[in-house]
Protein chains: 2
Amino acid sequence: MARTSLLDDNLSSQACADCPIRHRAVCARCEQHELDRLEAIKYYRSYEAGQTVIWSGDRMDFVASVVTGIATLTQTMEDGRRQMVGLLLPSDFVGRPGRLTAAYDVTATTDVVMCCFRKKPFEELMARTPSISQRLLEMTLDELDAAREWMLLLGRKTAREKIASLIAIIGRRDAALSLRSAGNDLTFDLPLTREAMADYLGLTLETVSRQISALRKDGVILLEGKRHVTIPDFDRLLEEAGDDSDGGLLA
Amino acid sequence: MARTSLLDDNLSSQACADCPIRHRAVCARCEQHELDRLEAIKYYRSYEAGQTVIWSGDRMDFVASVVTGIATLTQTMEDGRRQMVGLLLPSDFVGRPGRLTAAYDVTATTDVVMCCFRKKPFEELMARTPSISQRLLEMTLDELDAAREWMLLLGRKTAREKIASLIAIIGRRDAALSLRSAGNDLTFDLPLTREAMADYLGLTLETVSRQISALRKDGVILLEGKRHVTIPDFDRLLEEAGDDSDGGLLA
DNA sequence: CGAAATCCTTGATATAGATCAAACCGATGG
DNA sequence: CCATCGGTTTGATCTATATCAAGGATTTCG
């Protein structure tokens with residue numbers, strides 16, 4: 001719960017990290033975003049890995065944007081079964097304008113810094129500034145598409161396909177962030193424990209572990225330690241994932 | 001593919017059926033919607049039960065709102081595995097501003113009438129009329145919540161819970177449409193074949209059939225014929241569905 | 001340094017749901 | 001009236017994944 005006040009300069013490596021609006025690439029519209037007004041109502045907050053940002057049902061009087069780190073949205077049934085329903089990377093938006101309480105548990109998977117906005121003034125700003133609604137609409141539509149892809153995975157893919165899909169998704173987002181374009185030999189760290197992956201994929205952690213081992217044995221992925229992955233052939237991975245090969249990065 | 005031009009009067013039983021913006025209840029904001037301009041660019045189109053409205057990947061130069069009937073959004077893998085990712089009831093919105101091609105197969109499950117808007121002028125109208133973006137954002141956020149609920153179902157619920165959940169969802173939406181409030185003894189028709197339910201739930205049609213039989217045998221639902229359901233005790237059904245009992249109608 | 005805690009892997013077994021197969025039911029049409 | 005067809009039910013069997021169980025690797029902490 002440590003509250004940290006960061007200088008904006010610390011964040012400048014992240015394009016537009018200081019506004020809650022995500023941009024696909026370089027920010028071409030910043031001038032529209034009335035940063036002055038945003039300045040007045042925003043604050044930064046940091047969370048340690050493993051810390052819960054907010055519990056489902058809790059009062060949530062802010063919206064936020066992830067600046068650094070990775071957070072998850074999960075739903076839990078009374079008997080403890082858990083399903084991840086959102087994976088939040090830097091620049092992703094958290095919270096829903098017009099809702100009083102959190103609908104999901106939000107958890108910091110790694111150390112996380114969030115840029116928060118008190119909800120009331122943010123909503124007033126939204127009402128005055130159409131470009132915010134419009135941008136938020138685009139982002140929400142992207143998330144809806146991702147959710148639907150995820151539904152196909154949950155409903156119809158085998159355990160092996162699920163694992164391959166997740167690794168592809170993480171690899172792709174990672175590649176996008178680090179500007180390494182379609183170059184081969186993608187390498188990155190899995191930011192999730194086996195259990196979190198299981199919650200993402202609707203599997204048990206044992207099955208996750210077994211399938212990762214199987215993909216390694218079959219040469220689809222290379223593993224250094226338990227978390228560091230390199231993909232020798234991304235198309236092969238996509239095949240294993242059962243995906244249409246289009247790539248799907250851009251809507 | 002028959003193109004039908006309906007008089008608006010035919011649709012008046014549906015609140016705001018003639019605009020693409022869904023309202024939760026009675027339309028309190030119609031005056032904001034610039035119906036005059038919408039008038040100029042809209043047209044109606046009807047589809048027969050079973051007909052495909054549009055195939056994934058096809059060029060889609062309109063957006064639309066379901067006026068009557070039920071349509072589905074499905075994703076298909078190369079080997080034919082299918083997952084439903086959207087169930088469209090009257091007043092639901094179809095299509096994505098800013099996208100050229102359809103991302104999913106859209107199929108009419110019953111006879112369907114849609115109110116269509118050519119995309120280009122609709123987008124121009126959106127740009128000029130903030131309330132449309134704002135309303136669309138609200139609707140999309142609702143859909144995202146529904147998708148996340150659906151993800152929990154797909155990833156973690158048992159077959160019996162999935163069936164109970166689906167029946168509860170349909171019953172609830174049906175009750176909402178027909179103004180029958182929380183009155184007991186909810187009765188309605190399942191608008192989906194067993195196969196479509198299977199595609200919704202990530203099951204096979206045989207499992208769907210078996211679990212429906214089981215729920216009938218256990219008195220959770222009553223069946224008349226193959227489609228007509230009555231729910232003697234909605235809370236019991238929700239219990240079977242593994243849901244938090246809150247109801248969840250309003251965000 | 002040793003103990004405890006996480007996280008992960010692997011094995012043995014159980015089971016929910018898939019698959020394969022057959023037959024039923026109600027509607028439609030010749 | 002019978003044949004056909006789409007949708008459905010039910011049975012027998014198979015299998016992918018869950019569950020139960022044990023142990024290995026790292027890190028954390030006293």
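Every chain is numbered from 1 and lettered A, B, ... according to where its sequence line falls, protein lines coming before strand lines.
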Participant: Is the closest basic N to carboxylate O distance between A:D189 and A:K226 below 4.0 Å?
Facilitator: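 Salt bridge: no.
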Participant: Return no unless some side-chain N or O of B:T158 is found under 4.0 Å from OP1 or OP2 of C:dA16.
Facilitator: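 The answer is no; no side-chain N or O of B:T158 sits under 4.0 Å from OP1 or OP2.
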Participant: Return yes if some donor-acceptor pair links the side-chain N/O of A:E240 with the main-chain N/O of A:L237 below 3.5 Å, else return no.
Facilitator: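 Pair absent, no side-chain N/O of A:E240 close to backbone of A:L237.
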Participant: Rounded to the nearest Å, what distance is computed from the CG atom of residue A:L203 to the P atom of nucleotide D:dA18?
Facilitator: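 Interatomic distance, CG of A:L203 to P of D:dA18: 5 Å.
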Participant: Roughly, in whole Å, what's the span from NZ in A:K226 to P in C:dT6?
Facilitator: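 Taking atom P of C:dT6 as the reference, NZ of A:K226 is at 16 Å.
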Participant: Answer yes or no: is there an ion pair linking A:D142 with B:R96, defined by an N-O contact shorter than 4.0 Å?
Facilitator: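 So A:D142 pairs with B:R96 through a salt bridge.
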Participant: How is B:G202 classified with respect to the nucleic acid when contacts are heavy atoms under 4.0 Å: base, sugar-phosphate, or nothing?
Facilitator: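 Touches sugar-phosphate only.
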Participant: Just the rounded figure in Å: distance from C1' of C:dT9 to CG of A:L215.
Facilitator: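 Roughly 15 Å, once rounded to whole Å.
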Participant: From D:dT9, C:dC8, C:dG17, pick the nucleotide closest to the side chain of B:T207?
Facilitator: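 Nearest to the side chain of B:T207 among the choices is C:dG17.
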Participant: Could you state the CG-P distance from A:L223 to C:dT10, rounded to the nearest angstrom?
Facilitator: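 Atom CG in A:L223 sits about 10 Å away from atom P in C:dT10.
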Participant: In the structure I gave you, are the side-chain heavy atoms of B:I212 and B:L223 within less than 4.5 Å of one another anywhere?
Facilitator: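 Yes, their side chains come closer than 4.5 Å.
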Participant: Taking for each residue the nucleotide of DNA chain C with the nearest heavy atom, is it A:S209 or B:Q211 whose nucleotide lies nearer the 5' end?
Facilitator: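 Counting from the 5' end, the first nearest nucleotide belongs to A:S209.
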Participant: Side-chain N or O of A:T193 less than 4.0 angstrom from OP1 or OP2 on C:dT6?
Facilitator: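 So the side-chain polar atoms of A:T193 never come under 4.0 Å of the phosphate oxygens OP1 or OP2 of C:dT6.
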Participant: Considering only C:dA18, D:dA18, D:dT19, which nucleotide approaches the side chain of A:E206 most closely?
Facilitator: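 My answer, after comparing the listed nucleotides, is D:dT19.
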Participant: Name the residue closer to the 5' end of DNA chain D, choosing between B:L192 and B:R210 according to the nucleotide with the nearest heavy atom.
Facilitator: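 The residue whose closest nucleotide sits nearer the 5' end is B:L192.
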Participant: With a 4.0 Å limit, can you tell me whether B:T204 has a side-chain N or O closer than that to the phosphate oxygens OP1/OP2 of C:dA18?
Facilitator: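 B:T204 to C:dA18 OP1/OP2: side-chain N or O found under 4.0 Å.
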